[in-house]
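Note sheet for the following structure.
Quick note on labels: first sequence line is chain A, next is B, and so on, each numbered from 1.
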Amino acid sequence: MNWSNLIDGELFASVVRALIPVLLAALGGLICERAGVFNIALEGLMLIGCFAAVAGSYATGSGYLGVLIAVAATVAVSAVLAYGSVTRRADPIVLGVALNIFGVGVTGFLLVAFFHVRGVFQNPKIIGLDTVRIPLLADIPWVGPVLFNLTLIGYLALILVIVTQLVMFRYPLGLRLRGVGERPTAASTLGVNPNRYRYGAVLLSGVLCGLAGAQLALGNVVQFSENMSAGRGWIAVVAVMLGRAHPIGTFGACVLFGFAEAFGFRLQGNGLPAQITDAAPYVVTLIALIIARKYFKRGIVSAVIE
Amino acid sequence: MTVQLELRGITKRFPGVLANDHIDLTVEKGEIHALMGENGAGKSTLMSILFGLYQPDEGEIRLAGVERHFASPRDAIAAGLGMVFQSFKLFPSLTVAENVVFGRETTRRGRFDRKGAEREVAAIAERYGLALDPAARVDDLPVGVLQRVEIIKALYRDASVLILDEPTAVLTPQEAERLFEILRALAADGRTIIFITHKLKEVMALSDRVTVLRDGRVADRMVTAQTDARAITRAMTGRDVVLQATAAAGEPGKTVLALHDVTVHAEDGRTAVGGGGVGGSGSGVSLEVRAGEIVGIAGVAGNGQTELVEAIAGLRPIESGTVRIGGRDVTRASVAERRRAGMAYIPEDRHAVGTAGTADTTDNLSLGHHRQPPLLRRGLLQRSAMTRRARELIERFQIKVPGPATRVGTLSGGNLQKVVVAREMSHDTPLLIAEQPTRGVDIGAIEFLHGEITAFRDWGGAVLLVSAELSEIMSLAGRILVMFEGAVVAEVPAAQANESTLGMLMAGASPDQARAAQPGELV
Amino acid sequence: MTTELAADRTLVRRTLAWLAGPVPVSIIVALAIGAVAIAIAGINPFVAYPSMVEGALTGRGPANTLQRATPIIGMAIALAIAFRAGVFNLGAEGQMVLGGLAGTLVALTMPGPGPVVIVVACLAAMAAGALWAMLAAVLQTSMGVPILISSLLLNYPARYFSSYLVRFPLKEKGSSMVATPMIPDDTRIPALIPADSAWGTALRHSLGKENALLLITRNVNYSLLVVLAVVALVIFVNRKTPGGFESGLAGQNLRFAQYGGVHTTALVIRTMIFSGAISGLVGVMLVLGSDFRLIDGALVGTNYAWTGLLVALLAANRPIGVLVSGAFFAALIVGGEAMQRSDGVSSQLSQVIQAAVIILIVVRLTLPRWLNLSRRHGRDLPAITDRVTADDEVGRV
């Protein structure tokens, strides 16, 4: 095995590619967590986003319209989660698991209904999202090709990390969101309606998962395959835990998984069986959780499960 | 004087309960008005309606002569109402200033202006003599300060009517006295105060007028200066009640519970129990409870009592020291082993710890008894024996429940507590740990529970009683231990205890200081 | 006489109330959602649904339904015991896969009489499933990783590990299929009454070739009886043993159980071991009873773990409920496949309907007030004031 060709600029570029869908979903999960809703439906939402993006792009002939359609679909599904967990006070874990299974079923069903194929749908009429190269910046060695040659969704994801951090800790909106999640009764006695913020958070996570799905199905590849989210939504859930629901920390956790996935791919190219490297992100995630738990005794696990 | 607030014919029904039945209440501007009644009399419901948390089925609210409808607290706040809840409504991870301005933030160009918020809070605090640090995180603050934060929250929103629900429940008598001064100053400033309480002494000391509720109706209205404690009690209960326990019959027997130098950590790793005090040779808590005596632990909430009791019960690890039950070292033992060694335990939180609300009465009464005959025979559960035993306990403890198959989540506070007490006391163990055994239950149940606890003592049981109600501790316990900041700072025989001394000790005064001050009993 | 009448009347009223309750209403609405999906696919639901019913209930339908119901009920009962104890095991899939793998290894390598090998293979599968589940449990109890997450993440290594073994070391040489070699005939779990046995032929002669009972006895294997025995055992444990009593209470309030002297750490580990063992058993029975070899991705592809999860939720973790809902969901799947054959609607419709049923139940969909026969909404409410205080009493601040 030649280690020198394992690590190079291309590896970092693929880290960023692997990272972006997980990061978007994780930001959605983070906002929900802060608002006091444990959202584990990210996986299903992302998968539905993938399908809707591909279907939308195929139907309209535009990648960006595909993105819009993906967002519309995931927002609609997240509305079910919002209604159930906020208005009906249903158990968000049970609801989330059921929505994930629903996502697998409905995308598989519609794949046959619309495109009459099973498994994988590839078609030249699916228009992908082009990367937008930022001149000059993209020419910076190492960093340039990695950070300044992304899809628009990619740039948006990275900017959103900073925006989320700012809003969460510097703006009244963030203060209220954190308060609502920590003590909803205290918020409501001050005239701040917790349900409204929770609805907002869950619907926003729907938007972000739609973008995540679109990036995955129109940015990273240009196709839909059954169950293509492949656990990324769950990894996003873990990233929020590891990052203790802080945007920067969560970003760090996502980078770790992006690295595990990209490095796994690279090792595959070097002759390691795909089955071993495919398992890498999940094993890395688990180990990271165990280590993190040792470092900070409290706070990585949502109050909802503790 | 002008009428500031008027409630007319307020009625609120919950399924099966008429919580408020045509209640009229008139409060004048600048007045301190006490709203009295036992638990379940309808005080909290009435105030929740006033504050927009519930909608009344009938009746109207008039503020300064204008009829108002409060669909939510937001409306009530906008109309100039402020409420200080019995359990504080604060965000632990936010600062004092953030807590105060929450929902009505100070901003600069859209951003949250934290410094500005701190300045405003400091200004209000100074004006009314409420000492606090606006930049402190709320979960680092003691309870007395939290209450000031709550009052500032209302003042920041310029409340003209301030409602306080049982504000002294968590305060030492001295802290309560300081609170009264603040409230008098606010009233003198033209604000109207509604003060909900069930403590007679406070009503007599503070209020201008009293409205007494009973069973959801107004039982009486009085001018404080023209009435006395006895008349108010009669209005509250419909009879004369004297909550006076009988003293212990004989000398205490052998030691049942012995703690030696015990230290315990809180969730965040800080020391919750331990760190000096009397009675311990080292830094931990040491104490003994003997057969036939009730030992009371007094202290302001949050001074380590909860952690200490949980550690004794086996629900929280002990860092150092030893715990013995009936002579057996149970320091590292599981809950089950401690129970076998002779411990029964009435926990503070009957909803979250003491019962499973979705399980039926039989199951709730059986847990802990289900691994011995008659409930277990040849390794198998005897369901009919479980039901039979549940029926017996329901009858013996006068639990008002439709039947053994009823889910306990539907029971009232007092009846739920009776389920816990019935289960624990039917163990016939030598040791009973009772933590806030009568909190939030009606006066009939209090009498019953006190009777059970003293009967247990007279039978020869050892009782460790933790209570926030000094009157409860003083009437039941033979010896009183005072806890402050995780340490037992004093031991006082009940015969020599009075509220002011205990209050000073609870506030951290040394026993010498407390004795020297001796201002005589608070009225 | 009058009391009997009264009893009859309460029974009628209760039945009516149940029919107006969340379960039947959710099922009907979910079927309506399914009809919309069929229409979206461009097919008339009034054609598709009848072929679904026909496929599930006529001809080979009952036999197929029972065949499918067996692993579904097995997985559902494995999950029901975990959920009942408040342990959110999302790793049943991995536990099933490793059970199938361990059992296959035994069946392929162990010499000796068939029945003995089958028993050993089952035990090995149970051990493998139990160990994998225990790992998830220990990650929670000693490392603080919530079981929900640890068990779910462990699905992936299990899936890929078994896939690796099937693709490389265990792959049958020269076969186009990615699978292990076939297991010997005598280590296959036999049908209840094999077609080629004396009983089988006798039955065929007396009942006729197309008889449903005949089809059931020759297509359904002994796994069904094993699963029924497991369900019976779970009923017994839940009702008659102290451990079952404790896990029921722990699921309703963990702190209460702890306070009452239940060793909750041991309870979580024990529960996961049982849950994983049953999942592993289902895995091996699928290999020894229907595929006769371990095919790459086949166990994951069945989706039985997730269908079982939905069944457990629908049954509210009650064993009898698991039997009924398991059979119902199996019928949906078999009917869905028939519909796919006759009308070209994707069989994944059944998964959509199943998930929709659970979603609707979880959000407690009820009839609009004017339609509601039971009018018992109020019964949920008296606790409101209690709940407020309970909420308030949490925490110091």
Side-chain angles (χ1 to χ4, degrees), chain A residues 30 33-36 86-87 89-91 94 162-200 243-247 249 293-306, chain B residues 47-48 51-54 70-79 81-95 97-114 116-117 137-139 146 149-150 153-154 156-157 159 163 165 265-270:
Chain A
L30 179 154
E33 174 75 31
R34 284 290 185 178
V86 179
T87 306
R89 308 219 165 181
D91 182 345
V94 175
I162 296 159
V163 171
T164 312
Q165 176 80 19
L166 276 179
V167 170
M168 202 64 88
F169 298 104
R170 292 272 182 277
Y171 281 80
L173 178 66
L175 180 73
R176 291 182 186 190
L177 195 76
R178 288 184 288 142
V180 159
E182 191 175 16
R183 284 291 143 87
T185 49
S188 62
T189 55
L190 291 175
V192 173
N193 182 352
N195 287 4
R196 209 174 288 170
Y197 285 80
R198 290 180 168 174
Y199 260 90
R244 304 172 87 190
H246 281 270
R293 190 65 187 192
K294 276 215 150 53
Y295 274 92
F296 13 87
K297 278 241 173 272
R298 284 169 62 72
I300 67 161
V301 177
S302 157
V304 193
I305 4 181
E306 260 197 308
Chain B
M47 290 303 114
S48 299
F51 200 57
L53 287 165
Y54 293 145
F70 300 144
S72 72
R74 176 183 284 269
D75 298 350
I77 292 168
L81 293 179
M83 181 133 174
V84 176
F85 291 88
Q86 186 177 0
S87 55
F88 300 142
K89 308 289 183 198
L90 297 171
F91 309 101
S93 74
L94 304 185
T95 68
E98 287 171 333
N99 264 282
V100 169
V101 303
F102 190 96
R104 222 197 217 196
E105 295 82 358
T106 45
T107 53
R108 276 178 73 179
R109 278 177 275 116
R111 282 189 166 204
F112 172 46
D113 180 11
R114 189 173 281 114
R137 255 175 77 113
V138 156
D139 56 2
L146 299 182
V149 179
E150 286 284 12
K153 268 163 70 176
Y156 173 76
R157 286 163 183 78
I163 308 158
D165 190 0
H265 285 181
E267 277 85 2
D268 55 12
R270 288 189 293 191

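Heavy atoms closer than 4.5 Å to chain A are found nowhere in Asp113(B), neither backbone nor side chain. Of the atoms belonging to Leu166(A), it is side-chain heavy atoms, and not backbone ones, that fall under 4.5 Å from chain B. For chain A, the nearby part of Thr107(B) is the side chain; its heavy atoms alone come within less than 4.5 Å.
Here the closest heavy-atom approach between residue Arg111(B) and residue Pro172(A) is recorded as C-CD, 4.1 Å. Heavy-atom minimum distance, Phe85(B) versus Thr189(A): CE1-CG2, 3.3 Å. Shown here for Pro73(B) and Gly191(A), the closest heavy-atom pair between the two residues is CB-N, 4.3 Å. When every heavy atom of Arg183(A) is checked against every heavy atom of Leu90(B), the shortest pair comes out as CG-O, 3.3 Å. Across every non-hydrogen atom of Phe102(B) and Leu175(A), the tightest pair is CE1-O, 3.3 Å. Across all non-hydrogen atoms, the minimal contact from Arg176(A) to Arg104(B) is NH2-N, 4.0 Å.
Contact check for Ser93(B) versus Arg178(A): no side-chain heavy atoms found under the 4.5 Å cut-off. Between Arg157(B) and Leu190(A), some side-chain heavy-atom pair lies under the 4.5 Å cut-off.
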